[in-house]
Amino acid sequence: QVQLVESGGGLVQAGGSLRLSCAASGRTISSYTMAWFRQTPGKEREFVGLILRGSDSTWYVDSVKGRFTISRDNAKNTVYLQMNSLRPEDTAVYYCAADYRQNILTSAAEYAYWGQGAQVTVSS
């Protein structure tokens with residue numbers, strides 16, 4: 001099993017940037033498709049993007065394309081979510097998730113392993 005811990009959240013003004021980290025332990029991240037989700041109160045967890053197991057191929061929800069970038073550092077066993085041009089509607093708790101399948105999985109129900117979440121607040 002893999003354990004995931006997010007860090008890097010915080011408060012930023014609209015137009016600013018933040019980078020979230022998801023540090024993994026127990027297994028190497030290269031064994032997993034790694035995804036980022038976000039959630040606001042009263043809403044379901046929303047898919048943000050992923051990086052596929054075994055490659056650097058990434059997929060993103062339309063609302064973050066061109067602004068967010070997912071990458072991984074296998075040596076540090078860490079996945080990153082670089083968020084630029086942030087908007088108030090990006091405010092949410094952000095979660096990283098892992099699944100061993102090499103598929104484009106956009107439903108939270110597909111992922112067995114989750115971090116504890118990191119709060120991102122974007123002020124207008």
Side-chain angles (χ1 to χ4, degrees):
Q1 292 189 356
V2 63
Q3 292 80 44
L4 306 172
V5 178
E6 297 98 337
S7 61
L11 173 64
V12 65
Q13 288 188 334
S17 299
L18 278 176
R19 188 179 77 163
L20 300 182
S21 301
C22 174
S25 61
R27 294 288 299 273
T28 60
I29 59 170
S30 59
S31 301
Y32 295 90
T33 288
M34 301 296 297
W36 288 93
F37 287 78
R38 63 187 180 187
Q39 190 171 25
T40 54
K43 293 189 176 181
E44 293 187 354
R45 207 162 284 190
E46 175 194 26
F47 172 77
V48 173
L50 62 78
I51 185 165
L52 275 180
R53 168 185 174 180
S55 77
D56 290 330
S57 297
T58 53
W59 269 260
Y60 302 94
V61 68
D62 285 347
S63 60
V64 307
K65 282 181 181 176
R67 301 189 298 123
F68 290 11
T69 303
I70 296 173
S71 61
R72 74 167 103 221
D73 185 332
N74 289 333
K76 295 183 178 180
N77 217 29
T78 299
V79 174
Y80 303 98
L81 177 66
Q82 177 67 46
M83 303 182 290
N84 298 329
S85 301
L86 281 162
R87 305 167 181 169
E89 54 264 38
D90 295 319
T91 295
V93 177
Y94 283 72
Y95 298 88
C96 66
D99 186 87
Y100 69 90
R101 289 169 288 180
Q102 194 178 22
N103 295 332
I104 302 171
L105 306 172
T106 62
S107 169
E110 299 276 8
Y111 290 84
Y113 305 105
W114 291 88
Q116 83 287 357
Q119 177 70 48
V120 172
T121 303
V122 184
S123 63
S124 57

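Below, all heavy atoms of this structure are taken into account, side chains as well, without hydrogens, waters or symmetry copies. We number each residue from 1, following the sequence as shown.
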Do [X] and [Y] make a side-chain contact, defined as non-hydrogen atoms from C-beta onward lying under 4.5 Å apart?
X	Y	answer
I104	L50	yes
E110	T33	no
M34	L4	yes
Q116	E6	yes
R67	D90	yes

Heavy atoms only: give me the nearest [X]-[Y] pair and the separation to one decimal.
X	Y	value
V2	A98	CG1-CB, 4.1 Å
T40	A92	CG2-CB, 3.7 Å
L81	Y94	CD2-CD2, 3.8 Å
P88	A14	CD-CB, 4.1 Å
G54	R72	N-NH2, 4.2 Å
T78	S21	CG2-CB, 4.1 Å

Quiz item: Would you call K65-D62 a salt bridge at under 4.0 Å N-O?
Solution: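 Yes.
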Rounded distance [0.5 Å steps], [atom1] in [X] versus [atom2] in [Y]:
X	Y	atom1	atom2	value
S25	Q1	OG	CD	11.0 Å
C96	Y111	SG	OH	11.0 Å
W36	M83	CH2	CE	8.0 Å
F68	T58	CZ	OG1	13.5 Å
I70	Q82	CD1	CD	11.5 Å
N103	R53	CG	CZ	10.0 Å

Quiz item: Between N77 and A24, is there a donor-acceptor pair closer than 3.5 Å when you use the side chain of the first and the backbone of the second?
Solution: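 Yes, the answer is positive, given that a donor and an acceptor are paired below the 3.5 Å cut-off.
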Exercise. Applying side-chain contact (heavy atoms from CB on, under 4.5 Å), run through L105 and F47 and close with a yes or a no.
Key: CA-CA 9 Å; L105 306 172; F47 172 77; over 6 Å; no
Quiz item: Does the ring center of Y32 lie less than 6.0 Å from the ring center of Y100?
Solution: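 Here the rings of Y100 and Y32 have centres that are no less than 6.0 Å from each other.
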Quiz item: Do the rings of W114 and Y95 sit parallel, tilted or perpendicular, given the 30° and 60° boundaries?
Solution: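 Plane angle over 60°, so perpendicular.
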Quiz item: With the 4.5 Å side-chain cut-off for hydrophobic clustering, are V12 and Y80 part of the same group?
Solution: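 No, separate clusters.
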Exercise. Please identify each residue that fulfils side-chain hydrogen bond (donor to acceptor under 3.5 Å, both in side chains) with S55, with sequence neighbours left out.
Key: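 Scan of S55 (side-chain hydrogen bond (donor to acceptor under 3.5 Å, both in side chains), adjacent residues dropped) gives S57.
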Practice problem: Start with the C-alpha gap between Q119 and T91, add the side-chain angles, then the distance that decides, and say whether side-chain contact (heavy atoms from CB on, under 4.5 Å) holds. | Solution: CA-CA 8 Å; Q119 177 70 48; T91 295; 4.1 Å; yes
Quiz item: Please walk me through it: do L52 and W59 pass side-chain contact (heavy atoms from CB on, under 4.5 Å)?
Solution: CA-CA 8 Å; L52 275 180; W59 269 260; 3.4 Å; yes
Practice problem: Evaluate whether atom CD of E89 has more than 12 neighbouring non-hydrogen atoms of other residues, nucleotides or ligands under 6.0 angstrom away. | Solution: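 It does: E89 CD has more than 12 such atoms within range.
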